[in-house]
A.B. asks: 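To start, I am sharing the structure in question, which I have written as structure tokens.
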Amino acid sequence: MNGASRPPLQLSDPALLSTRAFVGGEWIDADDGGSCEVTNPATGAVLGTIPDMVAAETARAIDAAHAAFPAWSRTTAGERATLVKRLHDLLLEHQDDLARLMTAEQGKPLAEAKGEIAYAASYLEWFAEEARRMYGDTIPGHAADKRIMVLRQPVGVVAMITPWNFPSAMLARKIAPALAAGCTVVAKPATQTPYSALALAVLAERAGLPAGVLNIVTGRDARAIGGELTGNPKVRKLSFTGSTGVGKTLMEQCAGTMKRISMELGGNAPFIVFDDADLDAAVDGAIASKYRNTGQTCVCANRLFVHEAVYDAFADKLAAAVAKLRVGDGLAGATDQGPLIDAKALEKVEEHVADAVAKGARVAAGGKRHALGGTFYEPTLLLDANADMLLANEETFGPVAPLFRFSSEDEVLALANDTEVGLAGYFYTRDLARAFRVAEALECGIVGVNTGLVSTAVAPFGGIKESGTGREGSKYGLDDYTELKYVCIGGI
Ligand code: NAP
């Protein structure tokens, strides 16, 4: 039984919506019975509750993961691959329900939610395959009577903290390599979007994952749960996706027990349109990169730099494309843009737009709250943006595209790199030499050349500078969940 009361959302498999947390293979409530509500950002309707857990329950989840680790780490790569692949299959089998659940708690259009479930599943498939390739090494020795081996071993219990903007994929991206490597997991999803994570646990249980290998704790006191996850010596690694500020705090907290860390943090992505670009392709890329998920993605284009020779033409085309975006409740019909996650997010977008307008920006589209009310905001295009504006220096995390003007490659590279973060960057050009030069010069972990969509399980995702450390996905992704052990065999 994974839910005390059944919330109103219609699912063909209602058991996917769990209102309890998952610890040691049991579906449990908070010790004191406390709970918090989860609401639909499009309607404000309460979807249900989750246990409001604190440090004590988190410690027990860590104990469960710690107890499960020896047996799980000794399974063969093939056994782990089979289980992780089964979880992948179950995600796809329940894609429609999982997408409805996600749209209900997160607000994104249903088509985007379905896409996210497929994207989450792709990490499970990829790492199910990679599990079998967790090779070690032998090294030519330094003495005639010695041999050197390098083993790759799972790091141990991994704590995970994930954000609300991609409630399924951000967790799958961590769970998949962790389970494949032989680690056990205690995860805390964002309080606004816990049901997608709990549904993953429902499916993991059905896939046959042993008790304690995957544990999900929920609760609104993120500091208390995070304090236990980062302070408890049984946890050997923390993988966090979220804001840079919280990432820094968690990194400090991990220092006390010298945990390994992976940090996938915020960005401030430049999107550059050179004068030789295919402008129609650049507009498509800007729409995909800027307005997907209502502009609430870490790799969102945040600053659009357009060469002065094509500035007006690009602005006109982008304004026409922005005008076509359909805004609405993702469960009520076909839409391109849902609500912002909450009132605080709406206020930040309003603040950024007001600040930009006060400093000289012109509104070419949108620019205010949407007539639908709630946290809906109009898809917005601002012209004549400059470096003094708030939106040049912080993630807006909303559907606002500010267009900056530039006149040379050197100038735009200096502007693009003038930020302390470095996650994604994009540019459009038809000049091959420039494509190499600019890709190499951009200070970020991910570069899209003539494309606004870059995420895939087969490539390493992650940032440099204050955007974090570590990479998720790809052949490098297992490295973050394994330790190298050097074994020296003497007397040969
Ligand atoms: P956030 O405020 O940092 O929250 C992320 C997670 O951390 C949530 O689960 C939150 O719990 C938890 N948390 C907050 N304060 C904590 C604390 N003191 N100790 C322990 N846990 C704590 O970020 P967000 O606003 O949800 O997400 C947006 C940010 O994530 C953006 O900056 C975005 O760029 C970044 N992001 C990065 C990537 C990437 O891969 N680089 C991907 C997606 C998003 P509660 O929900 O309970 O508050």
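Counting starts at 1 for both ligands and their atoms, following the listed order.
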A.B. asks: Between Glu395 and ligand 1, which residue portion shows a heavy-atom distance shorter than 4.0 Å: side chain, backbone, both, or neither?
C.D. replies: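 Answer for Glu395: side chain.
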A.B. asks: Measure the acute angle between the ring planes of Tyr119 and Tyr123, then classify it against the limits of 30° and 60° as parallel, tilted or perpendicular.
C.D. replies: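 Aromatic pair Tyr119/Tyr123 classed perpendicular.
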A.B. asks: What protein heavy atom is closest to atom 33 (C) of ligand 1, reported as residue, atom name and distance in Å?
C.D. replies: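 Minimum-distance protein heavy atom for atom 33 (C) of ligand 1 reads Phe397 CZ, 3.3 Å.
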A.B. asks: Charged N to carboxylate O under 4.0 angstrom, Arg260 versus Glu483?
C.D. replies: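 The answer is yes: the pair qualifies as a salt bridge.
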A.B. asks: Where's the contact between Phe166 and ligand 1, heavy-atom distance under 4.0 Å: side chain, backbone, both or neither?
C.D. replies: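 None of Phe166 does.
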A.B. asks: Can you confirm whether Thr19 sits close enough to Tyr195 that some side-chain heavy atom of one is under 4.5 Å from a side-chain heavy atom of the other?
C.D. replies: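 When only atoms from C-beta onward are counted, Tyr195 and Thr19 do touch, with a gap below 4.5 Å.
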A.B. asks: Any idea which atoms of ligand 1 are less than 4.0 Å away from a heavy-atom of Met170?
C.D. replies: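 The list of qualifying atoms is 42 (C), 43 (C).
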A.B. asks: Answer yes or no: does an N/O atom from Gly242 fall short of 3.5 Å to an N/O atom of ligand 1?
C.D. replies: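 Yes - when backbone and side-chain N and O of Gly242 are compared with those of ligand 1, one distance drops under 3.5 Å.
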A.B. asks: Just wondering, do Phe271 and Lys290 contact through their side chains at under 4.5 Å, heavy atoms?
C.D. replies: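 The answer is no; the side chains never approach within 4.5 Å.
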A.B. asks: Quick check for you: to the nearest 0.5 Å, what is the distance between Lys174 atom NZ and Glu472 atom CD?
C.D. replies: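 With rounding to 0.5 Å, NZ (Lys174) is 3.5 Å from CD (Glu472).
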A.B. asks: Would you mind checking which non-hydrogen protein atom is closest to atom 24 (P) of ligand 1, with the distance to 0.1 Å?
C.D. replies: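 Its nearest protein heavy-atom neighbour is Trp164 NE1, 3.4 Å.
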A.B. asks: Looking only at distances, can you tell me whether any N or O atom of Thr241, backbone or side chain, sits closer than 3.5 Å to an N or O atom of ligand 1?
C.D. replies: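 Looking only at distances, the answer is no, because the N/O contact criterion of under 3.5 Å is not met.
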A.B. asks: Leu265 to ligand 1: N or O pair under 3.5 Å?
C.D. replies: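 Yes, Leu265 has an N/O under 3.5 Å of an N/O on ligand 1.
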A.B. asks: What protein heavy atom is closest to atom 42 (C) of ligand 1, reported as residue, atom name and distance in Å?
C.D. replies: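 Looking at atom 42 (C) of ligand 1, the protein heavy atom closest to it is Cys298 SG, 2.9 Å.
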A.B. asks: Can you sort out which atoms of ligand 1 are near Asn165, meaning under 4.0 Å from one of its heavy atoms?
C.D. replies: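 Going through ligand 1 atom by atom, the ones under 4.0 Å from Asn165 are 43 (C), 44 (C).
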A.B. asks: Considering only the protein, which heavy-atom contact is closest to atom 17 (C) of ligand 1, and what is its distance?
C.D. replies: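 Looking at atom 17 (C) of ligand 1, the protein heavy atom closest to it is Val246 CG1, 3.9 Å.
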A.B. asks: At what distance is the nearest protein heavy atom to atom 12 (C) of ligand 1, and which residue and atom is it?
C.D. replies: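 Result: Ile161 CG2, 3.6 Å.
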A.B. asks: Are any of the side-chain nitrogens in Glu347 or Lys344 under 4.0 Å away from the carboxylate oxygens of its partner?
C.D. replies: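 Between Lys344 and Glu347 there is no salt bridge, as every charged N stays at least 4.0 Å from the carboxylate O atoms.
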A.B. asks: Tell me whether Thr244 has any N or O atom under 3.5 angstrom from an N or O of ligand 1.
C.D. replies: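 In fact, backbone or side chain, Thr244 has no N or O that close.
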A.B. asks: What's the shortest distance from atom 27 (O) of ligand 1 to any protein heavy atom, and which residue and atom give it?
C.D. replies: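 Protein heavy atom with the smallest distance to atom 27 (O) of ligand 1: Pro163 CB, 3.5 Å.
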A.B. asks: Is the closest N or O pair between Thr297 and ligand 1 shorter than 3.5 Å?
C.D. replies: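 No, Thr297 has no N/O under 3.5 Å of an N/O on ligand 1.
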A.B. asks: When you check the gap from the basic side-chain N to the acidic O, do Glu466 and Lys248 get nearer than 4.0 Å?
C.D. replies: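 Salt bridge flag = yes for Lys248 with Glu466.
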A.B. asks: Could you tell me whether Lys368 and Glu378 have a side-chain N and a carboxylate O separated by less than 4.0 Å?
C.D. replies: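 Glu378 and Lys368: salt-bridged.
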A.B. asks: At what distance, to the nearest 0.5 angstrom, does OG1 of Thr162 lie from CD1 of Ile216?
C.D. replies: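 Rounded to the nearest 0.5 Å, the OG1-CD1 separation comes out at 8.0 Å.
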A.B. asks: Who's the nearest protein heavy-atom neighbour of atom 13 (N) of ligand 1, and how far?
C.D. replies: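 Among all protein heavy atoms, the one nearest atom 13 (N) of ligand 1 is Ala222 CB, 3.7 Å.
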A.B. asks: Quick one: does ligand 1 sit under 4.0 Å from the side chain of Leu229, the backbone, both or neither, non-hydrogen atoms only?
C.D. replies: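 No part of Leu229 comes within reach of ligand 1.
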A.B. asks: Could you tell me which atoms of ligand 1, counted from 1 in the order shown, lie closer than 4.0 angstrom to a heavy atom of Ser243?
C.D. replies: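 Listed by number with element, the hits are 1 (P), 2 (O), 3 (O), 23 (O), 29 (C), 30 (O), 32 (O).
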A.B. asks: Assess the residue pair Leu304 and Phe404 against the criterion (side chain to side chain contact (heavy atoms under 4.5 Å, CB included)); give the C-alpha distance rounded to whole Å, side-chain angles, the decisive distance to 0.1 Å, and a yes or no.
C.D. replies: CA-CA 6 Å; Leu304 288 80; Phe404 300 72; 5.6 Å; no
A.B. asks: Taking the six-membered ring of Phe166 as reference, does the NZ or CZ atom of Lys108 fall below 6.0 Å from its centre and within a 45° cone about the axis?
C.D. replies: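 Yes.
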A.B. asks: May I ask you to decide whether Asp31 forms a salt bridge with Arg60, counting only side-chain N to carboxylate O separations under 4.0 Å?
C.D. replies: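 Salt bridge present between Asp31 and Arg60.
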A.B. asks: Output yes when a protein non-hydrogen atom is found under 4.0 Å of atom 9 (O) of ligand 1, and no otherwise.
C.D. replies: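 Yes; the ligand atom in question has protein heavy-atom contact below 4.0 Å.
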A.B. asks: Checking the N or O distance criterion of under 3.5 Å, is ligand 1 in contact with Thr191?
C.D. replies: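 N/O-N/O distance under 3.5 Å: yes.
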A.B. asks: For atom 11 (O) of ligand 1, find the nearest protein heavy atom and state the residue, atom name and distance (0.1 Å precision).
C.D. replies: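 Minimum-distance protein heavy atom for atom 11 (O) of ligand 1 reads Lys188 NZ, 3.0 Å.
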A.B. asks: Mark yes or no for whether Thr218, through its side chain, and Pro51, through its backbone, hold a donor-acceptor pair below 3.5 Å.
C.D. replies: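 A pair under 3.5 Å: yes.
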A.B. asks: Run the numbers for me: atoms of ligand 1, each under 4.0 Å from some heavy atom of Arg223, listed by number.
C.D. replies: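 Selected atoms, number and element: 18 (N).
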A.B. asks: Should you measure from each heavy atom of Arg173, which atoms of ligand 1 turn up under 4.0 Å away?
C.D. replies: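 Once the distances to Arg173 are compared, the set is 40 (O).
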A.B. asks: List ligand 1 atoms under 4.0 Å from Leu250, heavy atoms only on the residue side.
C.D. replies: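 Counting from 1, the qualifying ligand atoms are 19 (N), 20 (C).
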A.B. asks: Numbering the atoms of ligand 1 from 1, which are under 4.0 Å from a heavy atom of Gly226?
C.D. replies: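 Here the atoms of ligand 1 in question are 20 (C).
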A.B. asks: Strictly below 4.0 Å, N to O, side chains only: are Glu350 and Arg369 in salt-bridge contact?
C.D. replies: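 Answer for the salt bridge query: yes.
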A.B. asks: Count the heavy atoms belonging to other residues, nucleotides or ligands that lie under 6.0 Å from CZ of Arg223, then report whether that count exceeds 12.
C.D. replies: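 Not more than 12 within 6.0 Å, no.
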A.B. asks: Check each heavy atom of Val299 against ligand 1 and say whether those closer than 4.0 Å belong to the side chain, the backbone, both or neither.
C.D. replies: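 It is neither part, as no heavy atom is under 4.0 Å.
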